[in-house]
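Below, all heavy atoms of this structure are taken into account, side chains as well, without hydrogens, waters or symmetry copies. Every chain is numbered from 1, with letters handed out A, B, ... down the list of sequences.
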Number of protein chains: 4
Amino acid sequence: MSSSPTFRRLPRAVREQQMLDAAVRVFSRRGYHAASMDDIAELAGISKPMVYAYLGTKEELFVACLHREGTRMLEAIAGAAAPDLPTDERLWRGLRAFFGFVGAHRDGWAVLYRQARGSQPFAGELAAMRTRMVEVVAGMLAHALRADGREVGETDLEVVAYALVGASESLADWLADHPEADPEQTATRMMSVAWLGAAQLLAGTTWPPPQV
Amino acid sequence: MSSSPTFRRLPRAVREQQMLDAAVRVFSRRGYHAASMDDIAELAGISKPMVYAYLGTKEELFVACLHREGTRMLEAIAGAAAPDLPTDERLWRGLRAFFGFVGAHRDGWAVLYRQARGSQPFAGELAAMRTRMVEVVAGMLAHALRADGREVGETDLEVVAYALVGASESLADWLADHPEADPEQTATRMMSVAWLGAAQLLAGTTWPPPQV
Amino acid sequence: MSSSPTFRRLPRAVREQQMLDAAVRVFSRRGYHAASMDDIAELAGISKPMVYAYLGTKEELFVACLHREGTRMLEAIAGAAAPDLPTDERLWRGLRAFFGFVGAHRDGWAVLYRQARGSQPFAGELAAMRTRMVEVVAGMLAHALRADGREVGETDLEVVAYALVGASESLADWLADHPEADPEQTATRMMSVAWLGAAQLLAGTTWPPPQV
Amino acid sequence: MSSSPTFRRLPRAVREQQMLDAAVRVFSRRGYHAASMDDIAELAGISKPMVYAYLGTKEELFVACLHREGTRMLEAIAGAAAPDLPTDERLWRGLRAFFGFVGAHRDGWAVLYRQARGSQPFAGELAAMRTRMVEVVAGMLAHALRADGREVGETDLEVVAYALVGASESLADWLADHPEADPEQTATRMMSVAWLGAAQLLAGTTWPPPQV
DNA sequence: AATGAATGAGATTTCATTCAT
DNA sequence: GATGAATGAAATCTCATTCAT
């Protein structure tokens with residue numbers, strides 16, 4: 001009897017995933033503040049004290065969501081942009097993976113990320129993820145530069161990467177607001193802007209053009 | 001005597017500005033939810049009921065802040081980017097004005113804007129401002145294209161503008177997080193990416209390169 | 001110039017009536033508590049401090065409304081039920097006047113009265129009005145009795161009068177809730193119950209019938 | 001030990017009754033608006049959030065009180081007025097039960113009922129209870145009529161029932177204001193008026209008498 | 001392991017009411 | 001006489017969080 005086929009006492013790891021699933025949904029739909037721990041516990045089909053026991057405070061719970069979804073997204077991107085490909089191909093595949101992910105998990109990353117921006121409590125986690133993201137992009141660019149025998153200041157690199165990441169996020173929003181749009185085509189458009197702009201920049205072309 | 005130096009009973013318009021000033025500061029520093037109406041009233045040197053009487057609900061108050069700061073910023077940009085200049089010059093001056101504004105009002109627009117993203121109640125106001133912004137940028141690009149005798153689909157234009165706006169917002173964040181950074185130089189960097197990328201794109205170059 | 005044909009500075013009495021008109025309307029429509037002094041002042045086309053200066057506190061203002069409307073109603077009844085008529089005729093005319101008044105001033109009587117019931121602050125005024133009312137009815141009954149050479153205990157008289165007044169009030173509510181109903185017919189129905197019941201009672205018939 | 005005499009953590013049903021008891025008292029004594037949720041919670045010996053958790057909004061709480069007390073009273077009346085008794089006996093027992101109930105629970109039904117009248121939010125509940133009450137009375141009258149082979153229009157019946165209910169309520173008020181009065185005697189007085197009046201009316205006697 | 005019961009603390013909002021001009 | 005400006009005080013409601021079973 002205790003070993004009934006419908007498990008009540010699930011192993012901890014499974015329960016935690018259920019809770020995170022519920023939390024991501026509720027946070028996404030209602031926003032961080034409007035979401036209540038009651039809502040989350042109810043959607044997870046579990047009592048509130050369990051949520052606290054397993055995942056801690058509301059803030060900690062949100063960070064956990066952020067972490068899981070962010071990691072999933074980074075993995076999707078990293079898995080697509082294999083390091084042995086040429087840089088433009090890597091960038092392209094990375095962007096495609098990014099927009100694909102955003103399109104597929106409308107509940108997930110992008111929404112959480114938007115919630116987190118501008119809320120001090122999450123600055124730490126946010127900064128960490130952004131850094132990981134920027135590092136990936138900057139890494140690609142640096143690799144291309146080195147292959148080309150060129151050198152660029154670190155700050156320059158960071159800023160460019162930042163701009164690319166920001167542009168992508170912005171288009172992710174645009175995509176979220178235009179459900180009929182095609183993620184693939186959006187990725188193509190972003191790639192055009194990014195690649196052409198970044199390529200030129202890294203090739204040494206600058207603005208304003210050198211005054212003769 | 002009648003013009004006593006300690007003013008009580010100020011006219012409505014003055015008080016409203018004081019309140020908005022206070023509200024912008026508090027919202028920026030603590031975030032929308034953590035900010036309390038008590039805090040705002042206290043900083044404005046007035047009692048809470050006055051805030052409600054003049055500016056309405058907390059939500060309405062935030063929208064009012066958003067509106068005032070956004071309008072100020074748009075005016076700063078529009079004032080800098082005179083329509084009779086060449087496009088690259090307009091874009092450059094616009095960006096310089098934008099980053100200058102963000103650098104000078106670190107409490108203002110950019111932070112509020114971040115708060116508002118992802119909060120449904122502000123979606124309307126936000127969309128309106130983003131639209132105004134995108135229109136300005138898209139207008140510049142379209143002008144340049146037409147002057148060049150080229151034609152580009154409206155969606156393409158919108159997406160590119162979106163990407164540029166997003167990239168700029170992202171760098172504004174970066175600027176806010178790096179107080180030692182120079183707004184002017186940040187503008188230059190952004191201009192490089194934007195102009196070179198957009199210019200190429202609009203010039204007809206696309207990615208991927210046509211396969212031979 | 002000061003004697004412009006459109007009077008701004010109205011004599012006090014007129015202003016007070018305007019305010020009372022506005023107050024009766026607002027109290028009736030929204031209920032005592034939901035009605036705000038702002039609403040009343042606005043509808044009266046005057047500033048709030050004037051309301052306070054002329055008619056005092058919100059509570060006092062409500063009592064003033066109650067008083068004015070109640071007096072009007074009592075006058076209407078008293079005017080209809082001339083003391084030199086036979087008792088049944090007086091009662092009938094009184095009831096007809098009462099239901100006519102209620103039908104005509106649905107805002108005034110019914111709602112004000114309903115508001116006031118059960119609110120301690122107005123118990124005093126209310127009790128006074130009910131007493132006046134009960135006295136009138138009891139007076140009619142006593143007159144009829146005396147004319148008939150019969151005597152009835154004072155408490156009995158009061159209680160019967162109370163019951164009649166209560167029944168009338170109840171039908172007044174019913175009338176207020178059934179706008180299609182005819183006040184005159186309602187008065188007739190009430191008269192039937194009242195007269196037949198009271199008449200029998202006063203005639204010496206009682207319930208239960210004397211056990212043989 | 002487990003059944004410690006100082007109970008904390010009572011089961012929900014018990015706490016709900018405690019809260020309703022407290023709410024009825026506070027609402028009765030202070031009136032709906034003057035009553036604060038703090039007062040009620042304190043009298044119930046519990047914290048405010050529990051009241052909200054179990055019984056909802058202040059409005060809902062008041063409706064719950066109304067419902068409980070109204071049901072109790074109707075049950076007291078229905079239990080006393082057994083359907084197999086002759087009509088006058090049923091009416092008499094019903095009235096006695098009514099005045100007995102009102103006399104015993106001076107805090108309860110009658111006072112709440114008065115609060116509710118004229119407040120829109122409670123119109124629904126109120127109408128329902130009044131309807132139940134009127135139906136009971138009208139049922140008695142209709143039964144008597146049918147037994148007598150007579151027929152009366154439905155509206156007539158409703159109006160008469162209304163008048164009787166109103167008269168009873170009014171005497172209930174009178175009883176509440178005269179603590180020394182005897183409920184039983186008050187019931188007798190009401191019965192006299194009601195029965196004699198209604199009996200005559202239903203017997204076909206009307207007012208005015210047919211003009212010869 | 002799991003949960004119903006319970007609460008401290010604080011937020012927004014609304015009014016009646018009064019200065020000061 | 002008349003009013004815009006201003007506020008003290010309070011009420012409702014919600015939540016994250018924790019006992020005790």
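Around atom CZ of D:Arg30, no more than 12 heavy atoms belonging to other residues, nucleotides or ligands sit under 6.0 Å away. Counting heavy atoms of neighbouring residues, nucleotides and ligands inside a 6.0 Å radius, atom CZ of A:Arg130 exceeds 12 of them. Within 6.0 Å of CD on D:Gln17 lie more than 12 heavy atoms contributed by other residues, nucleotides or ligands.
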Steps toward salt bridge (Lys or Arg N to Asp or Glu O under 4.0 Å) verdict (A:Asp21, A:Arg68): CA-CA 10 Å; A:Asp21 290 342; A:Arg68 191 185 72 167; 2.8 Å; yes
Provide a list of protein-nucleic acid N or O atom pairs under 3.5 angstrom, restricted to nucleotides 15-18 of chain F.
from: F:dA16; atom 1: OP1; to: A:Ala35; atom 2: O; distance (Å): 3.2
from: F:dA16; atom 1: OP1; to: A:Lys58; atom 2: NZ; distance (Å): 2.6
from: F:dA16; atom 1: OP2; to: A:Met37; atom 2: N; distance (Å): 2.9
from: F:dT17; atom 1: OP2; to: A:Tyr52; atom 2: OH; distance (Å): 3.2
from: F:dT17; atom 1: OP2; to: A:Lys58; atom 2: N; distance (Å): 3.0
from: F:dT17; atom 1: O4; to: A:Lys48; atom 2: NZ; distance (Å): 2.5

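Residue A:Glu16 contributes atom CD, which lies 13 Å from atom P of E:dA1 at whole-angstrom precision. Rounded to an integer number of Å, the gap from OH of D:Tyr54 to C1' of F:dT14 is 17 Å. With rounding to whole Å, D:Ile40 atom CD1 is found 12 Å from F:dA11 atom P. In this structure, D:Arg12 places its CZ atom 20 Å from P of F:dT21, rounding to the nearest Å. The nearest whole Å value for the distance from the CZ atom in D:Phe62 to the P atom in F:dT12 is 14 Å. Residue D:Arg30 contributes atom CZ, which lies 12 Å from atom P of F:dA10 at whole-angstrom precision. The interatomic distance linking D:Glu60 (CD) with F:dC13 (C1') rounds to 12 Å, in whole Å.
Between B:Arg15 and the phosphate of F:dA6, there is a side-chain N or O to OP1/OP2 separation shorter than 4.0 Å.
Distance from the side chain of C:Met50 is smallest to F:dT3 among E:dA6, F:dT3, E:dT3.
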Which dot-bracket string fits DNA chain F when only Watson-Crick or G-U wobble pairs with both atom distances under 3.5 Å count, crossing pairs get [ ], and | stands for a partner on a different strand? .||||||||||||||||||||
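Side chain of B:Gln115 to main chain of B:Leu112: no donor-acceptor pair is present (N/O by atom type, distance under 3.5 Å, no hydrogens or angles). Side-chain N or O atoms of B:Lys58 include one that pairs as donor or acceptor with a backbone N or O of B:Ala35 at under 3.5 Å. C:Ser36 contributes a side-chain N or O that, together with a main-chain N or O of C:Asp39, makes up a donor-acceptor pair within less than 3.5 Å. Remark: the backbone N or O of A:Val63 is not paired with any side-chain donor or acceptor of A:Glu125 at under 3.5 angstrom.
The residue among D:Met19 and A:Ser47 whose nearest nucleotide of DNA chain E is located toward the 5' end is A:Ser47.
A cation-pi arrangement is found for B:Arg12 relative to B:Tyr54, the charged atom lying closer than 6.0 Å to the ring centre and inside a 45° cone about the ring normal.
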